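All remarks here apply to the structure that follows.
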Amino acid sequence: MRKFTRRDFLKMGGLASAGVLVSQRLPALQMLQAVEDPLKSYPYRGWEDLYRKEWRWDKVVRTTHSVNCTGSCGWNVQVRDGIAIRSEQSADFPDPEYNPRGCQKGASYERYVYGPQRVKYPLQRVGERGEGKWKRISWEEAYDIIAEKFLEVAQKHGTDHVFLFSVIPAMSPLSAGAGYRFGSLTGCVVGSFYDWYSDLPPGEPMTWGYQTESCEAWDWANSRYIILWGANAVESRIPDAHFLTEARYLGAKIVTIFPDYNPTSLKADQYLPIREGTDAALGLAMAQHIIARGLYDRAYLQEQTDLPLLVRTDTRKFLRQADLEPGGRDDVFYYWDQKAGQAVAAGKQNLALGPADPALEGRFRVQTAGGEVEVQPVWALLAEKLNRECTPEIAAGITGIAASVIRQVAEEFATTKPAMIIEGAGTNHWYHNDLINRAQMLLPILTGNVGKNGGGFNHYVGQEALKVPSLNQWFWPEKTRWQNTTLWTYCHTFGRRTRGVEEGWMPLYPKEGDPKMMIVWRANYLNQAKGHEAVLANLWPKLELIVDFNYRLDTTALYADLVLPAASFFEKFDLSTTDLHEYIHSFNAAIDPLWESKPDFYIWKELIQVITRKARQKGMADFANLYERWAEMGETPEAVAQWALDNHPWTKGYTVEEIKKHPVRLKRGPNATAGDRSGEAGFTRNRGAFTPFKEHVEGKEHWPTLTGRQQLYLDHDVFLAEGEELPVYKPPLELEKHPLHYLTPHGRWSVHSTWRDLDWMLQLQRGGPILELNPQDAAARDIADNDEVILFNEHGETRLRAKLAPRVRPGTVIVYHGWERYLFDRDSGNWQAPVTIKVKPTQEVEYGHLKFRLNYWGPTGTNRDTRVDVRKA
Amino acid sequence: MSQRQLAMVIDINKCLGCQTCTIADKNMWLRGPGQEYMCWNSVETRPGDGYPRRWEKMGGGFDANGEVQLGDLPGVEDYGVPWEWDWEKLPHIFPRPQPSWGPNWQEDVGEGEYPNTWYFYLPRPCNHCNKPACLAACPRQAIYKREEDGIVLIDQERCRGYRYCVRACPYKKPYYNVQTNKAEKCIFCFPRVEKGVPPACVAQCAGRIRFFGFMDDTEGPVYKLVKKFKVAVPLHPEYGTEPNVYYVPPISTPRVGNNGEPQGQGRIPLAYLESLFGPSVRQVLDTLRQEIARARRGETSELIQTLVSNQRWRV
Ligand code: SF4
Ligand code: SF4
């Protein structure tokens with residue numbers, strides 16, 4: 001196909017004069033058969049087939065995408081003459097409200113399949129890392145290099161010097177798990193992603209003992225009051241955003257809380273222009289008002305939360321059985337039963353209170369082994385603290401939101417049922433994200449909205465919901481060296497250790513020395529690394545071999561030593577699940593893997609076969625049966641998928657064959673059903689939408705926390721020392737002395753780094769990386785629209801083009817997340833250049849329910865709390 | 001006049017600005033040589049210059065006497081040159097030529113001072129007008145309106161690329177293809193419609209904002225929204241072409257004080273909406289507000305049920 005050049009364009013001509021009257025037919029007509037009246041009938045319609053021929057195909061194959069967008073949409077790929085010509089949303093979800101699902105990025109995926117970004121052959125670096133000079137090698141050579149290096153590192157240093165990084169198994173678990181299983185069997189270090197990308201809301205494990213649990217998008221339509229808080233759904237949840245606009249039509253009030261007047265705020269009934277990073281103060285002040293006005297759900301709090309539990313005023317720790325009886329337990333807690341007039345152990349069997357009436361207010365005295373002490377319910381501590389520190393008046397000064405507005409929204413939230421908060425990366429990417437989460441969560445908790453349809457705190461950042469539980473057995477056959485990636489990157493980049501590592505609360509591998517080898521697949525570790533410049537300068541040289549499996553040459557691939565061509569989403573089988581809907585569906589191969597590419601599963605399989613063979617030759621007993629162990633549950637992704645479905649009561653009965661054809665609604669939880677989906681479709685009834693925590697709220701099961709309740713008080717020493725035993729507002733960090741806050745939201749035009757470099761997406765933006773700023777801040781720096789500017793602080797400098805947008809809050813600048821490093825200039829860092837890595841001490845403790853667990857508990861890698869300035873280039 | 005007329009309703013209140021429609025359209029029809037710059041369906045942030053840039057100032061349409069007017073011919077810069085990237089240049093690649101304008105250049109810019117900035121999205125396919133200015137202006141009579149469904153087509157065999165249609169269309173929806181030397185435009189996906197499948201931009205609209213069907217189908221959503229509930233109005237009715245694409249105008253997020261105090265009135269000036277959709281927009285917005293208020297009170301509203309419906313098309 002000939003390229004369209006600028007010269008061609010110029011032939012189109014410039015402006016012609018306006019307003020010429022055409023009442024007479026012009027001369028060219030003479031050569032033609034006249035048409036009597038083209039408004040009435042037209043005789044020459046045979047040419048129309050030209051277009052009809054465009055819309056045909058030999059076959060249609062249904063598949064999805066694996067990009068951590070949370071979409072998990074269905075796409076029909078039209079194949080003609082063996083070429084995937086286009087894809088259209090499959091719109092085959094059994095609930096029509098979920099149709100269609102799919103965004104503009106997904107719709108352009110074939111441009112990646114056949115695009116210049118595609119990795120076609122195994123590539124070995126010949127120039128410097130990042131220089132982009134490659135040599136094509138054979139698969140045999142590639143496997144040989146990796147296997148030899150792996151065995152060498154294993155022998156010389158141990159496999160804890162090998163770091164494996166792949167993200168979000170839910171988006172394609174067979175591709176992810178093939179490598180995870182290898183890591184588990186060999187003792188390699190497997191890095192986390194959900195915390196490292198700050199998608200994990202630490203407030204949820206802290207308060208609820210869960211990683212993340214959110215309602216399906218349908219449930220938004222059940223709500224009467226929705227606060228979107230840092231969750232820019234219109235841009236970053238395109239397939240589900242219609243549930244919001246529809247909820248609004250159906251009578252929900254929509255409130256948005258963002259520093260910028262963003263696209264989601266266009267759909268709001270009320271927009272709160274909050275000062276960036278002060279969200280916890282707003283949440284706490286709303287809570288204060290709800291408490292002061294008595295608008296909370298007292299019975300719910302008594303039963304479901306730790307608010308009645310007694311805390312010793314001398315030690316600020318919970319009153320425990322160990323305080324009262326010699327040899328007493330550490331995990332038995334007490335409330336003050338107003339009926340009995342004494343402290344009563346909070347039952348561990350069932351949350352139902354029976355006749356007891358636990359006090360929320362007051363101070364009481366109890367006799368401990370060490371004498372009489374004063375105790376207070378958590379509620380009283382919380383209420384006193386809020387009255388002291390976070391009234392609407394105080395918060396107004398912090399947040400820039402008037403006290404009257406804080407009161408009004410608090411009252412409406414408390415009195416309109418059900419009410420929910422939808423939380424997103426905008427608030428979750430701050431250093432004090434745990435405090436922000438806990439302040440936000442307080443509102444649905446106080447008002448009894450958690451565990452109810454249309455209510456709750458629903459967090460959607462990252463497609464973490466792997467809903468086929470037995471896949472975990474396949475991933476992790478052995479005790480695995482799981483690693484929080486924030487700590488791994490931080491410690492190995494800066495040569496430091498944290499308290500959590502020193503105390504042994506958090507693992508750090510290798511125990512001695514530096515990591516030597518890294519394998520990345522289904523991820524773009526380097527581009528998305530906080531501390532990007534330091535990672536490249538300090539950590540990268542430590543790695544003797546960096547391998548990337550990838551279908552496109554992204555930043556990590558560009559800076560790797562070996563790039564293996566992976567199959568695209570149109571060329572393989574896998575599964576997909578998300579938080580946003582309750583279906584499982586599959587990837588299917590619409591075309592054969594192009595060039596020499598192979599599905600990740602098969603790359604791992606063949607690599608493991610080579611490693612096993614070589615280990616046998618070298619007499620390395622540890623890996624002599626590696627392949628056989630790896631293949632125990634199946635040697636194809638389909639076989640493993642079927643094994644996983646068969647081996648869990650929630651998924652038993654589903655077949656891969658069925659899932660390949662159409663989405664299947666999953667059961668969640670032991671007693672849960674797949675939801676009542678009977679009856680006519682439409683928004684007129686609840687239709688059994690999934691919302692989490694009913695087993696606790698309705699079923700009265702204990703919460704998986706230390707106290708067995710929704711736990712707002714955390715009495716670990718680190719929390720007490722930081723003053724964070726209760727949610728509290730702490731201002732954003734000020735590590736860099738610069739005037740502007742650097743905000744890097746998830747945007748419309750990419751899912752992380754994917755699609756950042758796609759021509760059609762760039763055509764609908766400004767062709768390259770841009771920085772958005774308020775015209776006021778631009779004027780102060782003499783910056784005009786589309787000027788080249790330098791964004792800088794002490795960590796790095798980035799060159800981009802300025803876009804002046806009055807929606808941006810003065811004092812902040814926005815660079816949407818994910819620009820690939822190679823889209824910037826030679827002398828520029830990437831979008832993460834000004835961002836360093838910060839580890840928050842409260843996020844690496846070991847305490848009750850908070851124990852290191854991959855992607856579940858560990859420090860988050862946050863981007864915000866970054867101060868920058870901008871100057872004209 | 002054609003015997004039947006297909007029409008579309010676009011609910012701006014639900015529009016996400018995601019451009020899935022634009023891409024669906026490009027996937028469907030716009031991958032040939034000479035089409036790189038084209039978006040038959042475009043989505044522009046308003047207020048703003050749109051696509052092509054300042055199209056509303058370019059003239060065209062009919063004058064008071066019903067005479068078709070030839071407006072300006074947009075130049076290459078007005079659409080935006082489709083940039084190219086030379087992947088051989090890795091490790092750093094840049095768009096060429098240097099970007100200075102594009103089809104979505106002013107995305108989310110809008111007007112007004114923070115925190116009372118205002119903007120919204122305006123998706124624009126061809127209007128398949130009852131009185132197509134393009135058709136009236138074509139000296140070769142290569143443009144016609146299909147009897148059976150009112151779709152306006154440019155005959156790709158008969159067209160000789162004179163571009164009178166580009167100049168006459170006040171919406172600037174015909175596009176000139178340098179490679180084929182013909183003008184082309186949105187075809188309302190007639191090959192799909194003939195098979196009972198809605199146009200790509202309708203079927204694939206992620207915001208579920210587009211309704212489609214025959215205007216005389218009194219049970220269809222288009223008839224209901226346009227004729228029965230009267231909440232959908234054409235863009236620039238004063239251009240005189242009688243468009244068959246209708247819009248549910250945007251309800252505005254209320255203005256706020258500097259500290260977020262609600263100030264009642266909407267942030268989008270009514271006069272601005274009137275300048276786009278004509279004087280009836282005030283009545284439309286009142287109706288929408290009333291119906292939403294009813295929904296909030298728990299009453300059922302057939303209008304609301306139509307706007308959130310799963311049955312968005314009948315063809
Ligand atoms: S990228 Fe994600 S949201 Fe977009 S279509 Fe694909 S799965 Fe859906
Ligand atoms: S696909 Fe629908 S929601 Fe998205 S921009 Fe187009 S019209 Fe708007």
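Lettering of chains follows the sequences in order, A, B, ..., and the numbering in each one begins at 1. Computed from a prediction, not measured in an experiment: that's the story for all the values here.
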How far does [atom1] of [X] sit from [atom2] of [Y], to the nearest 0.5 angstrom?
| X | Y | atom1 | atom2 | value |
| --- | --- | --- | --- | --- |
| Ile304(B) | Glu246(A) | CD1 | CD | 11.0 Å |
| Tyr249(A) | Gln305(B) | OH | CD | 12.5 Å |
| Asn99(A) | Gln204(B) | CG | CD | 12.0 Å |
| Asp49(A) | Gln156(B) | CG | CD | 13.5 Å |

- Item | Other residues, nucleotides, ligands: >12 heavy atoms within 6.0 Å of Asn181(B) CG |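 Check passes, neighbour count above 12.
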Please state whether the side chain, the backbone, both or neither of [X] comes within less than 4.5 Å of a heavy atom of chain A.
| X | value |
| --- | --- |
| Gln98(B) | side chain |
| Ala203(B) | backbone |
| Trp87(B) | side chain |
| Glu194(B) | side chain |
| Trp101(B) | neither |

- Query: Quick one: ring-ring contact (aromatic ring centres under 6.0 Å, His included) partners of Phe258(A), sequence neighbours excluded?
  - Reply: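 Phe258(A) satisfies ring-ring contact (aromatic ring centres under 6.0 Å, His included) with no residue once adjacent residues are dropped.
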- Task: Would you please name every residue forming a ring-ring contact (aromatic ring centres under 6.0 Å, His included) with Tyr51(B), sequence neighbours left out?
- Result: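 With sequence neighbours excluded, Tyr51(B) shows a ring-ring contact (aromatic ring centres under 6.0 Å, His included) to Tyr79(B), given in chain and number order.
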- Message: Keeping Arg809(A) on the side-chain end and Tyr114(B) on the backbone end, is there a donor-acceptor pair under 3.5 Å?
- Response: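 Absent.
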- Intermediate values then yes/no, side chain to side chain donor-acceptor pair (under 3.5 Å), Asn104(B) and Gln765(A): CA-CA 6 Å; Asn104(B) 199 20; Gln765(A) 304 168 68; over 6 Å; no
- Task: Could you walk me through whether Arg111(A) and Lys26(B) pass the side chain to side chain contact (heavy atoms under 4.5 Å, CB included) test, one step at a time?
- Result: CA-CA 12 Å; Arg111(A) 297 186 81 75; Lys26(B) 284 182 79 81; over 6 Å; no
- Answer yes if the side chains of Trp749(A) and Glu107(B) hold a donor-acceptor pair under 3.5 Å, and no otherwise.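 Trp749(A) vs Glu107(B): donor-acceptor pair found between side chains.
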- Message: Going by side chain to side chain contact (heavy atoms under 4.5 Å, CB included), Pro806(A) matches just one of Asn116(B), Val109(B), Asp108(B). Which one?
- Response: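 Testing Pro806(A) for a side chain to side chain contact (heavy atoms under 4.5 Å, CB included) against Asn116(B), Val109(B), Asp108(B) leaves exactly one candidate, Val109(B).
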- Query: With only heavy atoms counted, which part of Phe243(A) is less than 4.5 Å from chain B, the side chain, the backbone, both or neither?
  - Reply: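 Looking at Phe243(A), nothing touches chain B.
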- Item | Which atoms of Thr555(A) approach chain B - backbone, side chain, both or neither, heavy atom under 4.5 Å |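 Neither part, no heavy atoms under 4.5 Å.
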- Mind ranking Cys103(A), Ala805(A), Gly768(A), Ala241(A) by heavy-atom pairs under 4.5 Å with chain B and telling me who comes out on top?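 It is Cys103(A).
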- Query: In terms of the angle between their ring planes, are Phe190(B) and Tyr51(A) parallel, tilted or perpendicular, with boundaries placed at 30° and 60°?
  - Reply: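 Rings of Phe190(B) and Tyr51(A): perpendicular, as their planes differ by over 60°.
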- Six-ring centre of Tyr261(A), Arg267(B) cation under 6.0 angstrom, axis tolerance 45°: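 Judged by the rule (NZ or CZ under 6.0 Å from the ring centre, within 45° of its axis), Arg267(B) counts as positioned above Tyr261(A).
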